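For clarity, every value in this text was computed on a predicted model and none was experimentally measured. Quick note: residue numbers are just sequence positions, from 1.
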Amino acid sequence: MSWCEERNFWCNCLYWRKTAILLPPEPDTFSLPSPLPDWSQGRGFASGRINLGKIEALKISRFEFIWSSNLLQDKKKGVSFYKPVGVPNGFYSLGHYCQFNNKPLWGFVLVVREVACFEPEAANLPTLLKPLDYTLVWSSDDESEEKYGGCGFFWLPQPPEGYKPLGFLVTNNPDKPDLDEVRCVRADLTDECEPYRLLLESYSKFLNLPVRVSSTRPSHRGVLGKGVSVGTFFCGYWTSEEELNIACLKNLNQLHAMPNLKQIHALMKHYGPTVFFHPNEVYLPSSVPWFLKNGALLYKAGDSSGEPIDAEGTNLPGGGTNNGAFWIDLPSDGKRNTVKQGSLESAKLYVHVKPALGGTFTDLAVWVFYPFNGPGTLKVGPLNISLGKIGQHVGDWEHFTLRICNFTGELWSIYFSQHSGGEWVDAYDLEYIEGNKAIVYSSKNGHASFPHPGCYIQGSTKLGIGIRNDAARSNSYVDSSTRYEIIAAEYLEGSGFIEPCWLQFMGKWGPTIVYGSRIELDKIINHLPVGFRYSVKNIFDGFPVELCGEEGPTGPKDKNNWVGDERG
């Protein structure tokens with residue numbers, strides 16, 4: 001079979017285009033609204049390069065366009081592929097970059113070089129090597145468009161034994177890339193990665209399988225994860241049981257680029273978002289000491305009388321796990337309703353600082369405490385139905401997380417926690433109120449976090465059925481750039497940093513609710529029009545226990561994301 005015949009065999013029948021006339025418009029580039037400050041001197045934070053132990057990495061955000069795909073039926077979902085440019089001498093690319101055409105150009109790939117170090121056990125094994133060859137993984141074209149030369153070819157580097165590829169390359173012609181264009185990395189300096197966000201999906205006639213192009217992220221994330229995102233993409237067919245044929249980098253020097261205490265304060269002052277509460281919000285946040293000293297009570301299983309708690313929580317039981325033996329409740333006297341409503345004047349936002357993505361990013365998890373979570377409202381088409389007690393509970397811990405790039409000190413994205421899930425929003429999709437300070441909208445009663453105002457449905461947006469999350473700006477807000485407290489940064493050993501006593505309490509910050517929430521929900525379902533009942537019941541069945549208001553939450557340190565990555 002000739003090469004042309006083989007190429008046509010690989011190509012599918014979608015409409016792909018890459019022409020001088022049909023090229024996608026040059027994407028807008030994005031930069032934060034204000035210049036970055038000169039961060040105070042530290043170890044490796046915001047120095048432009050990060051030492052990963054045996055490899056030094058540099059972030060490249062300048063690209064040269066290679067090829068673009070556009071499904072004619074939905075041009076907004078086209079994607080483009082780029083190669084890094086401006087790579088310094090001595091550094092090497094690991095693969096190419098891909099993103100949607102309708103987004104600003106806001107991404108990166110890492111380029112790397114070997115760090116000189118004494119390695120007697122691996123003296124004859126360099127950290128980086130050229131690939132031996134390339135394998136054509138996929139190409140796409142349509143004969144009717146052949147006159148435009150519109151075909152993209154996706155190549156996987158074939159590594160020497162003991163090495164791994166970390167990305168794919170794309171060309172707009174059938175010629176293999178130069179072997180010198182990328183490097184493979186010694187296997188012990190890599191970690192597993194996984195597909196993340198789907199960018200492109202098609203079908204390979206040659207493989208008789210679907211082909212997907214996805215961004216990637218390390219499989220092992222969180223505080224202990226050493227995997228480093230390279231910024232490249234995955235192309236091919238994959239099932240969750242399989243390990244990808246590319247890897248990510250591993251940071252053996254995980255804390256080298258993490259900010260010191262002075263730099264953490266500088267980050268919060270520069271990026272700290274303003275949290276806006278709904279104009280009709282009744283249940284506002286407070287500081288933890290305000291809540292404790294205004295009559296909150298500690299209860300022990302088997303004892304009906306509550307014990308007063310001092311403002312710093314020194315008499316709260318600490319450590320261990322939540323075994324149901326202790327919980328906190330509102331005051332039992334006339335102050336109960338007052339404390340429910342919180343105290344905006346006292347409110348502080350509590351910051352947990354931790355490494356992310358192998359220490360190449362810093363997560364500033366910002367926790368907000370509310371003495372009370374209000375009841376929910378059900379939306380069924382045009383109808384809004386109060387859920388009465390359903391959804392309410394004593395104590396509410398919510399959070400959002402700023403992800404800071406340790407190469408530059410840039411705000412990269414914010415995670416908005418929303419009940420049992422949430423979403424990452426890139427910096428270009430945020431609203432800013434002043435300089436580089438974003439806005440976080442807290443939803444009415446439930447206090448989920450959102451990047452923009454609006455009515456968000458927890459349930460089925462398509463059917464218009466679910467719990468309302470209403471977010472809007474008002475005169476009630478907290479500026480986290482000035483009203484924050486750093487409560488934990490475990491990696492800052494020897495800094496003399498002391499965590500507050502109340503943070504060590506692993507019990508519930510609210511009692512178990514005594515009403516039968518399922519019975520209450522069934523009553524509501526039975527009063528709905530028959531055509532809606534089945535859909536509403538299915539949506540209710542998928543709601544988390546917390547939304548049904550059956551018990552108060554545990555504190556920040558008991559959450560999965562305290563040491564793990566965010567969900568989403």
Side-chain angles (χ1 to χ4, degrees), residues 261 264-265 268 275 282-353 365-374 392-399 447 478-480 482-490 492 495-514 546 551-559 562:
L261 190 57
I264 293 170
H265 283 293
M268 283 303 300
V275 182
V282 175
Y283 305 108
L284 293 165
S286 75
S287 68
V288 170
W290 181 91
F291 173 67
L292 298 180
K293 74 182 181 183
N294 275 277
L297 298 171
L298 174 66
Y299 286 85
K300 183 178 181 179
D303 190 347
S304 61
S305 60
E307 174 189 346
I309 310 169
D310 71 70
E312 301 305 317
T314 56
N315 61 324
L316 288 171
T321 58
N322 173 41
N323 58 10
F326 295 94
W327 65 89
I328 297 174
D329 201 354
L330 295 166
S332 57
D333 56 20
K335 297 176 71 173
R336 185 177 182 89
N337 287 332
T338 300
V339 173
K340 265 187 180 183
Q341 296 175 18
S343 167
L344 197 59
E345 296 74 20
S346 76
K348 277 187 177 181
L349 304 190
Y350 299 105
V351 183
H352 177 210
V353 190
V366 183
W367 291 90
V368 191
F369 176 72
Y370 302 80
F372 197 77
N373 188 96
Q392 69 182 30
H393 54 79
V394 175
D396 190 21
W397 279 104
E398 301 290 346
H399 80 283
H447 309 137
V478 176
D479 179 358
S480 70
T482 58
R483 292 168 62 180
Y484 70 91
E485 177 183 338
I486 300 171
I487 57 170
E490 292 90 341
L492 290 177
S495 65
F497 186 83
I498 300 175
E499 297 179 357
C501 293
W502 55 259
L503 183 61
Q504 316 312 319
F505 178 63
M506 305 302 285
K508 298 281 187 179
W509 285 72
T512 298
I513 304 298
V514 297
E546 307 91 77
E551 54 189 356
T554 53
K557 215 165 190 177
D558 189 61
K559 307 298 187 187
W562 187 263

Please check if the side chain of [X] supplies one atom and the backbone of [Y] the other of a donor-acceptor pair under 3.5 Å.
{"X": "N315", "Y": "P308", "answer": "yes"}
{"X": "Y350", "Y": "V288", "answer": "yes"}
{"X": "R336", "Y": "P331", "answer": "yes"}
{"X": "S346", "Y": "S287", "answer": "yes"}

Presence of salt bridge, D558 and K508, under 4.0 angstrom: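 No.
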Heavy-atom side-chain contact between [X] and [Y] under 4.5 Å:
{"X": "I486", "Y": "L261", "result": "yes"}
{"X": "E312", "Y": "P500", "result": "no"}
{"X": "V366", "Y": "V275", "result": "no"}
{"X": "K559", "Y": "T554", "result": "yes"}
{"X": "V282", "Y": "Q341", "result": "yes"}
{"X": "W327", "Y": "V394", "result": "no"}

I need the minimum non-hydrogen distance between [X] and [Y], along with the two atoms involved.
{"X": "L349", "Y": "V368", "result": "CD2-CG2, 3.7 Å"}
{"X": "D396", "Y": "H393", "result": "OD1-CE1, 4.0 Å"}
{"X": "P371", "Y": "V339", "result": "CB-O, 3.2 Å"}
{"X": "F291", "Y": "A296", "result": "O-CB, 3.4 Å"}
{"X": "G306", "Y": "Y299", "result": "N-CE2, 3.4 Å"}
{"X": "H447", "Y": "E398", "result": "O-CG, 3.3 Å"}

Euclidean distance, [Y] [atom2] relative to [X] [atom1], rounded to 0.5 Å:
{"X": "F369", "Y": "K348", "atom1": "CZ", "atom2": "NZ", "value": "15.0 Å"}
{"X": "L297", "Y": "I309", "atom1": "CG", "atom2": "CD1", "value": "6.5 Å"}
{"X": "K557", "Y": "M506", "atom1": "NZ", "atom2": "CE", "value": "7.5 Å"}
{"X": "L330", "Y": "K340", "atom1": "CG", "atom2": "NZ", "value": "7.0 Å"}
{"X": "I264", "Y": "L492", "atom1": "CD1", "atom2": "CG", "value": "5.0 Å"}
{"X": "L503", "Y": "I498", "atom1": "CG", "atom2": "CD1", "value": "13.0 Å"}

If you measure only the distance, is there a donor-acceptor pair under 3.5 Å linking the side chains of H265 and Y484? yes
Worked check of ring-ring contact (aromatic ring centres under 6.0 Å, His included) between H352 and W562: CA-CA 8 Å; H352 177 210; W562 187 263; 3.5 Å; yes
Could you please spell out the steps behind the ring-ring contact (aromatic ring centres under 6.0 Å, His included) verdict for Y283 and Y370? CA-CA 7 Å; Y283 305 108; Y370 302 80; 9.7 Å; no
Ring geometry between W502 and W509 (parallel below 30°, tilted from 30 to 60°, perpendicular above 60°): perpendicular
